[in-house]
Amino acid sequence: MFELPDLPYDHAALEPVISKETMHLHHDKHHKRYVDVANQILAEKGEKPASLEQVVRESAGKAETRKLFNNAAQIWNHTFFWECMTPNKGGQPTGDLAAAIDRDLGGLEKLKAEFVAKGVGHFGSGWVWLAAQNGALKIVDTHDGENLLTQPGLIPLFVCDLWEHAYYVDYRNDREGFLKAWFDALPNWELAQAQYEASKTGGEGWQHPKPV
Ligand code: FE2
């Protein structure tokens with residue numbers, strides 16, 4: 001079974017951009033619910049998968065495993081999302097990632113503008129990603145629980161949650177305000193750099209903790 005991973009920081013660590021209340025609801029309730037439902041489905045099927053990545057890839061695109069996919073992918077997305085943020089507010093990309101941002105996206109300010117616009121323009125629930133394919137950067141969005149595990153060669157550098165539960169307590173309907181504040185303060189550029197290296201070298205990138 002999969003365990004709900006602890007947050008990599010205190011629930012209040014991302015304030016004022018994301019409140020302690022939101023983090024308790026988001027991690028302790030929403031994320032936990034995805035873990036509980038996926039574990040229940042796997043138990044009913046008598047399956048003991050080796051990894052969450054395997055569950056997501058094998059359940060994708062099939063009506064009969066849609067519920068398992070939705071919940072397994074949401075586990076992966078949320079655990080990765082927590083890792084994509086750091087309380088060390090205001091970091092910057094460095095080294096070859098910074099150079100790639102200049103080359104592929106026109107610089108950090110243009111990356112921010114495109115990332116925010118992609119997230120604001122996304123209809124309904126989903127995720128907005130900074131991703132790399134063979135070292136080339138792009139900004140993509142996915143619907144509901146969909147993620148990049150089903151898109152071979154596309155490695156996520158970081159992701160932001162567009163579901164209303166991610167921002168409604170703190171920002172009400174202002175998704176744009178949430179995304180701008182998030183981008184300025186919270187991205188974990190060290191993880192983004194490591195993911196970028198994985199993209200350039202054909203590596204897998206960040207992997208979800210294994211089931212117990
Ligand atoms: Fe979420």
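All values below come from the heavy atoms of this structure, side chains included, with hydrogens, waters and symmetry mates left out. Ligands are counted one by one from 1 in listed order, and the atoms in each one are counted from 1 as well.
The nearest N/O/S atom of Asp161 to the Fe ion (ligand 1) is OD2. The nearest N/O/S atom of His78 to the Fe ion (ligand 1) is NE2.
The nearest N, O or S atom of His165 is closer to the Fe ion (ligand 1) than 2.8 Å. For His26, the nearest N, O or S atom to the Fe ion (ligand 1) falls under 2.8 Å.
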Next on the checklist: Assess the residue pair Trp182 and Met85 against the criterion (side chain to side chain contact (heavy atoms under 4.5 Å, CB included)); give the C-alpha distance rounded to whole Å, side-chain angles, the decisive distance to 0.1 Å, and a yes or no.
Outcome noted: CA-CA 9 Å; Trp182 186 91; Met85 298 186 283; 3.1 Å; yes

Next on the checklist: What verdict does the salt bridge (charged side-chain N to carboxylate O under 4.0 Å, His left out) test give for Lys20 and Asp10, after you've listed the backbone C-alpha separation in whole Å, the side-chain angles of each residue and the deciding distance to 0.1 Å?
Outcome noted: CA-CA 9 Å; Lys20 181 179 177 182; Asp10 186 82; 5.9 Å; no

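Ion pairing of Asp36 with Lys32 is present here, as a side-chain N (NZ or NE/NH1/NH2) and a carboxylate O approach within less than 4.0 Å.
Ring centroids of Tyr9 and Trp82 are separated by 6.0 Å or more, keeping the two rings apart.
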